[in-house]
*Asks:* 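Below are the structure tokens for one structure; questions will follow.
Predicted model, so just to flag it, every value in this text is computed and none were measured.
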Amino acid sequence: MLGLLLPLLVTSIIGALWAGSLAGLQRVRVTWWPLAVASIAVQLVLFSPPLDRQPWALAWGPSIWVLSLVGMLTVLLRNGLTHQPARHSSSFA
């Protein structure tokens, strides 16, 4: 279970640092988010029993999985390259 929660925790911390705060994450707009959701849905279906034991899943599963990762990477790159990290203004007098 920790193996599933650890990536979520790490990416949440990185996202908060990138946005400037946890509240800053609420202002971040994720573009192409339907592709990310579809990629996750494909992986959930692909690795869920009994579909994961079907002949088509055994034959085409690795290729479908790689395509879903490419979709997720596309969304991450699209959003990572277009969004700039939050800039904090210094209030030192």
Side-chain angles (χ1 to χ4, degrees):
M1 188 63 148
L2 181 62
L4 296 174
L5 293 177
L6 189 60
L8 177 65
L9 179 63
V10 169
T11 55
S12 296
I13 291 170
I14 291 170
L17 291 173
W18 185 266
S21 68
L22 286 176
L25 284 176
Q26 294 177 341
R27 292 185 299 270
V28 174
R29 296 186 57 99
V30 177
T31 55
W32 297 0
W33 65 267
L35 180 58
V37 171
S39 296
I40 292 170
V42 165
Q43 289 182 28
L44 285 173
V45 169
L46 191 60
F47 293 111
S48 296
L51 291 178
D52 63 344
R53 294 184 190 98
Q54 298 298 316
W56 66 266
L58 294 173
W60 292 97
S63 298
I64 295 170
W65 178 66
V66 168
L67 287 175
S68 71
L69 290 179
V70 168
M72 185 63 73
L73 181 62
T74 302
V75 173
L76 292 173
L77 288 174
R78 170 71 170 110
N79 286 283
L81 295 176
T82 59
H83 296 316
Q84 299 299 320
R87 303 281 186 234
H88 295 289
S89 60
S90 179
S91 60
F92 294 111

*Asks:* How close do A57 and P62 get, heavy atom to heavy atom, and via which atoms?
*Replies:*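 Here A57 and P62 meet closest at O-CD, 4.1 Å.
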*Asks:* Apply side chain to side chain contact (heavy atoms under 4.5 Å, CB included) to P49 and list each qualifying residue two or more places apart in sequence or on a separate chain.
*Replies:*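 By the side chain to side chain contact (heavy atoms under 4.5 Å, CB included) rule, P49 matches D52, R53.
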*Asks:* Can you list the other members of the hydrophobic cluster that holds W60, where links are side-chain heavy atoms under 4.5 angstrom apart?
*Replies:*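 Members other than W60 - counting any ILVMFWY side chain reachable under 4.5 Å - are V42, V45, L46, F47, L51, W56, I64, W65, V66, L69, V70.
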*Asks:* Checking L67 now: which residues fulfil side chain to side chain contact (heavy atoms under 4.5 Å, CB included) with it, not counting sequence neighbours?
*Replies:*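 Counting only residues at least two positions away or on another chain, L67 forms no side chain to side chain contact (heavy atoms under 4.5 Å, CB included).
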*Asks:* Determine whether V37 and V30 fall in the same hydrophobic cluster, where Ile, Leu, Val, Met, Phe, Trp and Tyr are linked whenever their side-chain heavy atoms lie under 4.5 Å apart.
*Replies:*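 Hydrophobic grouping puts V37 with V30.
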*Asks:* Shortest non-hydrogen contact from S68 to Q43?
*Replies:*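 So the two residues come closest at OG-NE2, 3.1 Å.
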